[in-house]
Every structure is written in structure tokens, then in C-alpha cells.
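Below, chains carry the letters A, B, ... as their sequence lines are ordered, and counting in each starts from 1.
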Amino acid sequence: MIRALTYWLFRYRRTWQGTVVVSVANPLLFLLAIGAGLGSLVQGDVEGVPYLQFFAPGMLAAAAFQNAFIDAGFGVATARGRERVYQTAVATPLSPGEVMGGHLLFVALRVFVGALAFVVVMACFGLVSSVSVFVTVLLAATLTGIAPAALVAAWAVTVTDFPRLNTVFRFVVMPMYLFSGTFFSVEQLPAALQTIMYALPLWHGADLCRSLALGTATPGMTLLHVAYLGAMAVAGILIGRVTFRKVLYV
Amino acid sequence: MALIEAEGLEKRYPGTDFAAVAGIGFRVERGEAFGFLGPNGAGKSSTMRMLACVSQPSGGSLRILGEDPVVHGRALRARLGVVPQDDALDLQLTVRENLIVYGLYFGLSLKRMRAKSAELLEFAQLADKAGERVEHLSGGMRRRLTIARSLVNDPEILLLDEPTTGLDPQARHILWDRLFRLKSAGVTLILTTHYMDEAEQLCDRLVIMDKGLIADEGTPRELIDRHVTREVLELRFPPGEQEQAAEKLGGDVEVLPDRLLCYADDGDEVLTRVTEVGLRPLTALVRRATLEDVFLRLTGRSLTD
Ligand SMILES: Nc1ncnc2c1ncn2[C@@H]1O[C@H](COP(=O)(O)OP(=O)(O)OP(=O)(O)O)[C@@H](O)[C@H]1O
Ligand SMILES: [Mg+2]
């Protein structure tokens, strides 16, 4: 698995500077815009805190989730399709499972670096009250990304036409991105939609990040969120082991 | 013990109703160069992928280095070198990085691979391109790099799927020369091709494949002796006159869409007869018989249509 990861690190060596700049610039712009402009349009507090404080951890979770989908979805489909990275790797002693594991580790690393940049920017805006908040929120955001990544990779390796990925991105990921309690409270949604959102992974990720950032986390809910996201990651890995083998050992 | 033994080997892909490989048997001995010659879709690559232990046979038996590839795939792949039909090099990485990463896949250390990659680049005549991105390499250079890559683990068997397809004559000759060297160093070569001259140049023994089956097997010389005469006279006539001409001439004649092939041990003798019976071909050429003629005889089709 580490052997398969090193390939991605070699490639990352070429591009990491650029991706880090984007990872910092993105939250910086959003938080500036909300803090200085949009936020003042929102009357009063949301769920008991000023809008910027509410928004930042939600956006953090949403970004981790979205980045994970892009890396695991488009990244995996390209590695299997046009670039044939996987086919090269499985001609060596590496197994399809290890090839998948290596790529997922890399996705996790990228999600982690993105979340780290985001939390550092949050700290600059005075939104991180202590080191322990910094660490727990960072880990929560990373988990929010990793959880769907394996499942997305397990599916993406079977996808040969790219437009399908775009469709899923537009009609599955974007709605989740917008409505999972990331930018506004889920409680503002109609009851039926609320129930659906509670069942989806990004709400768990966003609520986990926000409750840890605001210091409102309860052991029960935290455990529930972590268990949900952890189970999703495990399920993805188990399914991925099957789909990767099926696709790569034709 | 043969290095590779296949018996009734089959490959059916899920969702298709025909066999890409429909029951083939062959043996490859240590140190020989063994070829699969066949047209597009014959099942060459499907066979190669089974030999490379990344594709499970659908039927029959296959033993590689005495082991079952389905059970011992991982250990076997450590002892094989694979040159796939499409290079599948990483275009974003440099020439050297492509080798290093591949070596790491085999569990070799970074230090070891730094030394090894220099050695392999020397062998592939790419030393001056080491730091260049693969994107910028020509087709021939990429092919040589793929061969260099396949050698990182000092394989006992090297599997080459159409090693020279799409290369210009000079690039092909450089590549053949490298393959000769490997063979002299004791590496067993298994290659596929649809070039007869390549099969005649490189292969000690070969099988002719068509539609998933083996049509015949032997050394290039044996196959030519068995199926065709020593020489071939090629005649071209205006369209529509070929059939008549063939009838008039008689003897061992194959009618192709664009020309007649007359098999004979002495082509000039036939050519004399052509004029004697009053035929006026547009062109006439006497040449030695090749594997192409063998293929034509065995399948009734030309290899490169
Ligand atoms: N992954 C696959 N799924 C379904 N069918 C396949 C697959 N790979 C090959 N085939 C089919 O199997 C047959 C044999 O293909 P194969 O690639 O083995 O031929 P080949 O001799 O290598 O041809 P070429 O000279 O074009 O490379 C073809 O009809 C091809 O369409
Ligand atoms: Mg092929």
C-alpha cells in the first residue's frame, strides 16, 4: 500500500505548491467575503452564534467532502482510464487492494492538507479558541472527506464515461454540499428534507466540525457522527476491494 | 520442465458470448524466444494478460514457472517483466521517475533504484533523456523506456505485446537489437506481433493464431517448409482478369483481391510459363516465401487487411 502511495507522492512533488496555494486562498476568500460583506446581511445569530462562526466549520466540512469526491471520483477514473496507472501497478506484485489503498491514502493526505490550510485560516480569523479545538476540528474535517472517498473510489473505478461523474457531482454532491447544514441551518428546511439530510454523510461531518469548533459537542452526538463516518469508510473499502479486483483483473 | 505450459487455455470476457482465446496449448522452454503471430483480434493480448497473471483463464490449464498463476500470481509477477501493448507510461513523470516508481512497486529501495535506473537507461539508450518528461519522448523512445521499465526486477521471462508496432524501421532495428541482447543474456522472450519479418527475425519458435485458436506451430523455417513452397511469384492483372488468369495458368495459385500468388520451388520457371500461355501481367515479382504466405495458406486471409 505504501509502495502504491509513493507513486502519488512522486506526482504530488510536481504540483503540491500550487494545490497548497489554492487550499489557503479558497477559505481566505470565503471567510473574508462572509466576514466583511455577506455576513452582515444575515440578521442576528444562526443557532445562537454570529454567522461567520456558524459558516466557517460548515464550509470546512463541505470543502473536505467536495475535494474528496473530486480526488476519489475524477482521480480514480482517470488513473484507471486515460492514464492507466492502475494497470501498470497490477502488473507488478501489487494487488488491486493495495493499489486502491495507496490511492486512498493519497486522497486522505490531500484532504488533510486542505483541511489544515482551512483551519489555519480559521485561526487567523479568531475562530479557533484552543489547540485542542484546532486538532479535533482538523481531524473531524479529514474524516468527513475520507468517509465518502472510499465509496466514491469503489464506484469511480467502474466508470468509463466521464460525463457520468459530472452528473453525479451536479445532482448528488452539489445538493448535499449546499443543504447539509453547511451554509444555513438544516432546521430551516421542510421537515421531510430535514430527515433526509440527517441521513446523509455531509450533515454528520458538518455537525461534527461545527460542534467541535463551537465547543457545543456532546459525547453522544460526537460518537454517533464518528461511527457513521467511520462505518461509511469501512464499507467503501470493502466494496472497493471487490470492484478494483473486478476491473483490474479482466 | 517448460517455463510455461498451457493446455486448452480459454478466455471469455464477461458480457461477451464468444471466446477471445478458444482453447490453445503451447510450451515455452527456458531461454527461447517464442512468438504469437496473428492479425487484429486474434487473442494475442488476451493470452499475454493471462501469462502476465492479471487475467484469470476461463478454462483449461496454465502453469508458469511450474506454478498456478491464479494461486501464486503475486509471487509470479515478481519474476516476470511486462511490456504492454499500450506503453502506459506516466507522462507527467520524468523518464527516470517512471523507472524508480515501478521499481518501488517491486519493493526495491529508492537507493537501489537510483543505481538501477541509470543502468537501465544506458541499456535503453535513453541516458541523456533521464530528466525529461515522458510527454516529450518519441514513440520509439517510449517503447524502449517501457522495455527498460519491464527489466527493473531482472525478470526470468519477458512478455512483449507488439513491441514494435507503430515504430519506424530504424526504431524497430534498435529495439530488435536490444531484444537480441536480452536473449543472449538468458532472458526468455515471449512476444506477439503481426509482422512476419519480426517473427522471422526474433522468434526461435512461434504459433500462428487466428480467431482465438492456434493454426500451427513451429520454427519460422519449419512453418514455411510445411505450408508453402520455396518461392512465390506475385502477379498483378487488371481488375476482373485475375480469376481467368489463375484458371489459365493452373498449378498452385492463390487468388487475392489485388494479386495472384503462385507457389513454386522455382518462381522463374512459372514466370516463363506465364508468357508461354499468353498471359500479360501488369507486374510480376519472384520472391522467397515468408510467414505471411504461411498465414495466408492457413487462414485464407492476409495478415494485414
Ligand atoms: N476487456 C475486454 N472485454 C471484452 N472483450 C475483449 C476485451 N479485451 C479483448 N476483447 C476481445 O477479445 C478479442 C481478442 O482481443 P485481443 O486484444 O486479445 O486481440 P489481439 O490479438 O491482441 O489483437 P490486436 O492485434 O488488435 O492487439 C477481440 O475480439 C476483442 O474485442
Ligand atoms: Mg493486442
Problem - More than 12 heavy atoms of other groups within 6.0 Å of B:E122 CD - result: no
Exercise for the section: Give a yes or no on whether B:R96 atom CZ has more than 12 heavy-atom contacts from other residues, nucleotides or ligands under 6.0 Å away. Expected result: no
Problem - Toward chain A, the part of B:T94 with a non-hydrogen atom under 4.5 Å - result: both
Fill in the blank from the handout: Tightest non-hydrogen contact, residues B:R49 and A:V250, listed as NE-CG2, 4.4 Å
Practice task
Using a 4.5 Å cut-off on heavy atoms from C-beta on, say whether the side chain of B:L91 contacts that of A:R82.
Solution key: no
Exercise for the section: Name the region of A:L248, side chain, backbone, both or neither, that has any atom closer than 4.5 Å to a heavy atom of chain B. Expected result: backbone
Practice task
Write out, in numerical order, the residues from residues 97-109 of chain B with a heavy atom short of 4.5 Å from a heavy atom in chain A.
Solution key: B:E97, B:I100, B:V101, B:Y102, B:L104, B:Y105, B:F106, B:G107
Practice task
Pick whichever of B:D86, B:L76, B:L159 has the most heavy-atom pairs under 4.5 Å with chain A.
Solution key: B:D86
Practice task
Count the heavy atoms belonging to other residues, nucleotides or ligands that lie under 6.0 Å from CD of B:E132, then report whether that count exceeds 12.
Solution key: yes
Practice task
Measure distances from B:R12 to the heavy atoms of chain A and classify the residue's part below 4.5 Å as side chain, backbone, both or neither.
Solution key: neither
Fill in the blank from the handout: The interface call for B:L110 against chain A, heavy-atom contacts under 4.5 Å, is side chain
Completion exercise
Pair count under 4.5 Å, heavy atoms only, with chain A: among B:C53, B:S46, B:S55, highest is B:S55
Handout entry: A:R11 vs B:D90 side-chain heavy atoms within contact, under 4.5 Å
Key = yes
Problem - Contact class of B:A78 relative to chain A, heavy atoms under 4.5 angstrom - result: both
Practice task
Taking the side chain as every heavy atom from C-beta outward, state whether A:T88 and B:R149 have any pair of such atoms under 4.5 Å apart.
Solution key: yes
Exercise for the section: Answer whether the closest heavy-atom distance between the side chains of B:R77 and A:V90 falls below 4.5 Å. Expected result: no
Practice task
Supply the atom-to-atom distance B:D87 CG to A:R84 CZ, rounded to the nearest 0.5 angstrom.
Solution key: 11.0 Å
